[in-house]
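Heavy-atom basis, side chains included; hydrogens, waters and symmetry copies ignored.
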Amino acid sequence: MGRIALVTGVTGQDGAYLSQLLLGEGYEVHGLVRRSSHAEVHSHRLNWLGIAGDVKFHDGDMGDLSSLIRIMRTVKPTEIYNLAAQSFVAASWQQPILTGNVTALGVGNILEAARLESPDARFYQASSSEMYGMIQEPMQKETTPFYPRSPYAVAKLYGHWLTVNYRESFGLHASSGILFNHESPLRGLEFVTRKVTDGVARIKLGRAKDLQLGNLDASRDWGHAKDYVRAMWLMLQQDKADDYVVSTGLTFTVRQLCETAFSHVGLNFEDHVKIADAFKRPAEVELLLGDSSKAREKLGWTPEITFESMIAEMVEADIARLRNGAH
């Protein structure tokens, strides 16, 4: 029997890179997509990687258990990767109920569908470093207490513990990856890294003069999504399910992010970056720094792409997009 993967959130950054990895490993890849009146919207990242035609799409919704059961019954997956979420932290304060329904309760729906229809499939849950919030330890690992600071983080925490509960209650091979920030040219424009690299590209090309940002002193442990989806896959290749922090162990401020991106095109960020209170969070997470020792030791995983090369790749991709008139 061949390996069959079902990926929710397949049209997002991680879903696209994960699909590319799985196809390269010989998987049959199926993706959950919500119904949209704009069919081209849901596959633009997969198109960018040249793999949209290789993924089989299924209409469904994380809030609709019946659709998940139907898809599970049709696909008969050997591995399930739950990447679907309302994943923009800032929007979670504006849409806390939607965030809870999708990012929290949606995990219960997909786990229940897996328990009923594919109990032997291996399950991956995309947990988040945002769950640590107001950090309780200088470096966060699997045993660090959680202190979520946004509706998004609270919703992710629900999904994380529910995955643990289904593993312990029903014996599912269900693992969670507590992933720290991971970026790429496929990152959405609403996220600060892509907002910066797109802003740099526009300023370099003479299409803008300034870039408005919020807290320049917030620090994050930023890695590349291509490295992080490899960790997801490795988790489901283990005999025993478990939870793993995935991080680089290095931290950079938003200020350093700006300096790196602007200097790549020969500009001084201080000449262009403006502070706007509208982009500051109601409750800020000042620092996230992950200890991925467990993943490195048990999975044999290590990040390969540096922060500097990742930002350079993103800036160049945004310059190319703008010159070509692409989104």
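The aromatic ring centres of Tyr17 and Trp233 sit 6.0 Å or more apart. Ring centroid separation for the pair Phe57 and His30 does not come in under the 6.0 Å cut-off. For an aromatic pair to be called close, the ring centres must be under 6.0 Å apart, and Phe262 with His272 satisfies this.
Using modelled atom types, one finds a donor on one side chain and an acceptor on the other under 3.5 Å when comparing Glu79 with Tyr81. Checked by atom type, the side-chain pair His182/Asp14 shows a donor-acceptor distance below 3.5 Å. Gln125 and Ser176 share no side-chain donor-acceptor pair at under 3.5 Å. Remark: the Ser184 side chain and the Gln13 side chain contain an N/O donor-acceptor pair separated by less than 3.5 Å. No donor-acceptor contact under 3.5 angstrom links the side chains of Ser67 and Asp61, judged on distance only. For the residue pair Thr248 / Asp221, a side-chain donor-acceptor distance below 3.5 Å is found, with atom types taken as modelled. Looking at His264 and Glu308, their side chains never bring a donor and an acceptor atom within 3.5 Å of each other.
Contact between Pro185 and Arg194 at its shortest, heavy atoms only, is O-NH1, 4.1 Å. Residues Asp318 and Arg321 share a closest heavy-atom pair of OD1-NH1, 3.0 Å.
Glu137 has a carboxylate O that lies under 4.0 Å from a charged side-chain N of Lys141, or vice versa, which qualifies the two as a salt bridge. Arg73 has a carboxylate O that lies under 4.0 Å from a charged side-chain N of Glu117, or vice versa, which qualifies the two as a salt bridge. A salt bridge does not link Lys294 with Asp243: every distance from a Lys NZ or Arg NE/NH1/NH2 to an Asp or Glu carboxylate oxygen is 4.0 Å or more. A salt bridge is absent between Asp59 and Arg34: the closest approach of a Lys/Arg side-chain nitrogen to an acidic carboxylate oxygen does not fall below 4.0 angstrom.
Under the 3.5 Å distance criterion, the side-chain polar atoms of Thr306 are matched with a main-chain donor or acceptor of Ser309. For Asp227 (side chain) and Glu304 (main-chain N/O), a donor-acceptor pair under 3.5 Å exists by modelled atom type. Judged by distance alone, the side chain of Arg122 and the main-chain N or O of Gln238 form a donor-acceptor pair under 3.5 Å. Although no hydrogens or angles enter the test, the distance criterion places no donor-acceptor pair under 3.5 Å between the side chain of Ser127 and the main chain of Ile178. Gln20 places no side-chain N or O within donor-acceptor distance of the main-chain N or O of Ala16, the cut-off being under 3.5 Å.
Between Tyr228 and Trp301, the ring planes lie perpendicular to each other; the angle is over 60°, past the 30° to 60° tilted range.
Judged by the 6.0 Å and 45° rule, Arg187 forms a cation-pi pair with Phe191.
Glu313 CD to Ile305 CD1: the interatomic distance, rounded to the nearest 0.5 Å, is 6.5 Å.
Other residues, nucleotides and ligands contribute over 12 non-hydrogen atoms within 6.0 Å of the CZ atom of Phe170.
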